[in-house]
2 protein chains.
Amino acid sequence: MSVKKFATEIRREQIAQAAVELIASQGMKGFNMAGLARQVGVAPSAIYHHFKNKDEVIEAVLDHLQNRLLGNVRSVLSMTPHPLDQLKQLLAAHVELVVGHSAMPRILFSEDIYGGKSEHRSRLKDIIMRYISELASIFRQGQQVRSIRPELDPEALAVMFLGLLQPTAILWHLSDGEFDAKKQVEKGWSIFAEAIRP
Amino acid sequence: MSVKKFATEIRREQIAQAAVELIASQGMKGFNMAGLARQVGVAPSAIYHHFKNKDEVIEAVLDHLQNRLLGNVRSVLSMTPHPLDQLKQLLAAHVELVVGHSAMPRILFSEDIYGGKSEHRSRLKDIIMRYISELASIFRQGQQVRSIRPELDPEALAVMFLGLLQPTAILWHLSDGEFDAKKQVEKGWSIFAEAIRP
DNA sequence: CCCTCAACTGAATGTATATTCACATTAGCT
DNA sequence: AGCTAATGTGAATATACATTCAGTTGAGGG
């Protein structure tokens with residue numbers, strides 16, 4: 001059989017990428033080593049040359065997720081100087097991420113991670129906490145330039161900000177894309193934005 | 001062996017109750033027929049005299065969940081006449097539900113339902129939609145008595161309301177109860193409440 | 001070109017789980 | 001008490017996985 005071989009460095013990347021796609025389309029429930037191997041185009045046992053086990057693949061997926069999230073933040077920060085605009089754009093980017101490529105919520109809502117191995121849990125917690133801390137620093141920035149009321153707790157605002165998206169994402173998923181996530185988030189944002197203005 | 005027998009009507013209730021407790025403590029991942037049977041005190045095969053299969057047990061759990069949620073709503077509605085007070089108390093009750101007895105988020109975030117059998121998905125969607133519609137009618141009530149700005153979309157407000165709790169619940173779980181859910185929700189509510197006041 | 005080693009294969013193993021079935025036991029009616 | 005149908009049991013079956021391993025193959029340096 002003519003089977004192409006790749007350096008493990010390359011394969012790891014291919015496998016991680018395939019895992020993200022698989023989770024995005026099938027969810028954690030339908031994510032298994034055989035399916036992953038098929039997606040990559042190798043035998044299941046080949047995966048084990050590049051990853052110790054399934055958990056390690058999941059780790060790689062979480063890394064990918066974190067890079068994606070923080071990448072969003074960095075990219076938005078560089079696009080506009082106004083904290084409120086940054087937040088609005090971040091929200092839009094976040095919606096795109098959830099609606100276009102649903103790996104994130106599927107991982108977030110998955111018990112394999114959420115209620116599974118404690119290492120994955122704390123890894124996921126770190127990712128969310130870091131994201132919240134990035135958000136909080138944008139809110140703080142906004143307070144310094146007097147665009148946001150100074151007495152509000154930036155961390156609490158960051159958590160609220162996530163709340164603008166999260167139930168929306170769930171509804172969007174449960175309704176098979178019928179629920180208008182974009183409109184909901186826009187309405188939520190306009191109420192939220194006005195509430196935090198001085 | 002002296003094994004007590006029960007009418008199927010009673011057993012169904014016992015089994016459903018045990019299932020809810022099991023899911024609350026172990027999550028969907030650790031919820032299996034053998035464990036359920038052990039919790040009830042019967043052999044695994046006995047379950048099948050009362051439920052066709054695991055899916056039917058899950059149905060019963062979802063029923064339980066729905067009753068609990070709508071029960072919260074009805075009880076709060078009868079306790080105070082002011083829509084804003086009703087909402088505040090509902091939020092508190094919701095926090096209690098999530099923090100005290102974590103079956104709800106564990107089910108909500110579980111792929112077994114979220115990404116599983118489409119009947120479960122639409123069942124879950126119905127539950128959430130009904131809850132949202134109850135919330136929306138409270139918001140509408142508030143608009144009628146001029147406690148809430150009339151131009152805001154009640155359904156959108158209902159979804160936002162859920163957003164006050166949901167990321168908080170996730171953080172609470174991921175941090176093993178360390179994150180102060182109550183305080184976060186209070187802060188979120190006070191910002192939200194002020195934002196929707198005329 | 002060929003040799004070596006990392007990359008790969010296919011089959012085997014082990015485990016966890018839902019579900020079924022032939023048989024046993026209990027509750028409750030007459 | 002004795003009968004009967006509902007309720008329960010234990011063992012067997014089936015499936016879906018992750019993971020391992022002995023051997024095979026291809027790519028790149030000598």
Side-chain angles (χ1 to χ4, degrees), chain A residues 1-19 22-23 25-62 106-107 110-113 115-117 119-120, chain B residues 1-19 22-23 25-62 106-107 110-113 115-117 119-120:
Chain A
M1 304 287 151
S2 66
V3 182
K4 205 154 191 185
K5 292 188 178 181
F6 289 92
T8 195
E9 204 175 319
I10 312 265
R11 269 293 193 232
R12 273 187 73 98
E13 197 44 51
Q14 289 179 352
I15 292 169
Q17 182 60 39
L22 216 56
I23 291 170
S25 67
Q26 316 273 319
M28 268 288 168
K29 192 81 188 296
F31 167 62
N32 55 59
M33 298 303 265
L36 178 58
R38 205 177 321 122
Q39 178 98 355
V40 177
V42 298
S45 49
I47 307 281
Y48 290 85
H49 277 265
H50 310 293
F51 291 90
K52 188 161 142 266
N53 51 30
K54 193 179 180 181
D55 280 343
E56 218 179 81
V57 177
I58 291 176
E59 296 270 309
V61 170
L62 288 175
R106 295 201 114 136
I107 290 171
S110 132
E111 277 244 321
D112 287 72
I113 292 170
K117 297 265 184 303
E119 293 146 17
H120 292 159
Chain B
M1 303 286 152
S2 65
V3 182
K4 204 154 192 184
K5 292 190 178 180
F6 290 92
T8 194
E9 206 175 317
I10 312 266
R11 269 292 194 233
R12 272 187 73 97
E13 198 44 52
Q14 289 179 353
I15 292 169
Q17 182 59 41
L22 216 56
I23 291 170
S25 66
Q26 315 274 317
M28 269 287 168
K29 192 82 188 295
F31 167 61
N32 56 60
M33 298 302 265
L36 177 58
R38 205 178 319 121
Q39 178 99 353
V40 177
V42 297
S45 49
I47 307 280
Y48 290 84
H49 277 269
H50 310 293
F51 291 90
K52 190 162 141 266
N53 51 32
K54 192 180 180 182
D55 280 344
E56 218 180 81
V57 178
I58 291 175
E59 296 271 309
V61 170
L62 288 176
R106 296 200 113 138
I107 289 171
S110 131
E111 277 246 319
D112 286 74
I113 293 171
K117 294 266 184 304
E119 295 145 18
H120 293 160

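To find a chain, count down the sequence lines: A is the first, B the second, and so on, and within it residues start at 1. Fair warning: this is a prediction, and the values are worked out from it, not measured in the lab.
- The side chain of B/Lys54 has C/dT19 as its nearest neighbour among C/dC8, C/dT19, D/dG8.
- Across the interface with DNA chain D, nearest-nucleotide mapping of A/His49 and A/Gly30 shows A/Gly30 to be the residue nearer the 5′ end.
- Nearest nucleotide to the A/Asn32 side chain, out of D/dG8, C/dA6, D/dA18: D/dA18.
- Rounded to whole angstrom, the span from the CZ atom of B/Arg12 across to the P atom of D/dT7 amounts to 12 Å.
- Taking CG from A/Leu36 and CD1 from A/Ile47, the interatomic distance works out to 4.0 Å, rounded to the nearest 0.5 Å.
- Using a 4.0 Å cut-off, some side-chain N or O of A/Arg11 falls inside it from OP1 or OP2 of C/dC8.
- The side chain of B/His50 lies closest to D/dT7, out of D/dT7, C/dA27, D/dT9.
- Rounding to whole angstrom units, CZ of residue B/Arg38 and C1' of C/dA16 are separated by 12 Å.
- Residue A/Thr8 is the one, among A/Thr8 and B/Phe6, whose nearest nucleotide of DNA chain C lies closer to the 5' end (criterion: closest heavy atom).
- Residue A/Lys52 contributes atom NZ, which lies 12 Å from atom C1' of D/dT19 at whole-angstrom precision.
- Rounding to the nearest 0.5 Å places OG1 of B/Thr8 at 7.5 Å from CZ of B/Phe51.
- Residue B/Phe31 forms a side-chain contact (heavy atoms from CB on, under 4.5 Å) with just one option from B/Gln39, B/Arg106, B/Lys54, and that option is B/Lys54.
- A/Tyr48 has its OH atom 7 Å from the P atom of D/dT20, to the nearest Å.
- One atom, CE of B/Met33, and another, P of C/dA16, lie 18 Å apart when rounded to the nearest Å.
- Remark: A/Lys52 does not engage A/Glu59 in a salt bridge, criterion side-chain N to carboxylate O under 4.0 Å.
- Put simply, CZ on B/Phe51 is 12 Å from P on D/dG8, counting in whole angstrom units.
- Rounding to whole angstrom units, CD1 of residue B/Ile47 and P of C/dT17 are separated by 15 Å.
- Close to D/dG26, at under 4.0 Å from its OP1 or OP2, lies no side-chain N or O of A/Lys5.
- Taking the side chain of A/Ser45 as heavy atoms from C-beta on, and the options D/dT9, D/dC21, D/dT19, the nearest nucleotide is D/dC21.
- Going from atom CD of B/Glu9 over to atom C1' of D/dT7 covers 15 Å, rounded to whole Å.
- Distance check, rounded to the nearest 0.5 Å: CD of B/Glu56 to CZ of B/Arg12 gives 5.5 Å.
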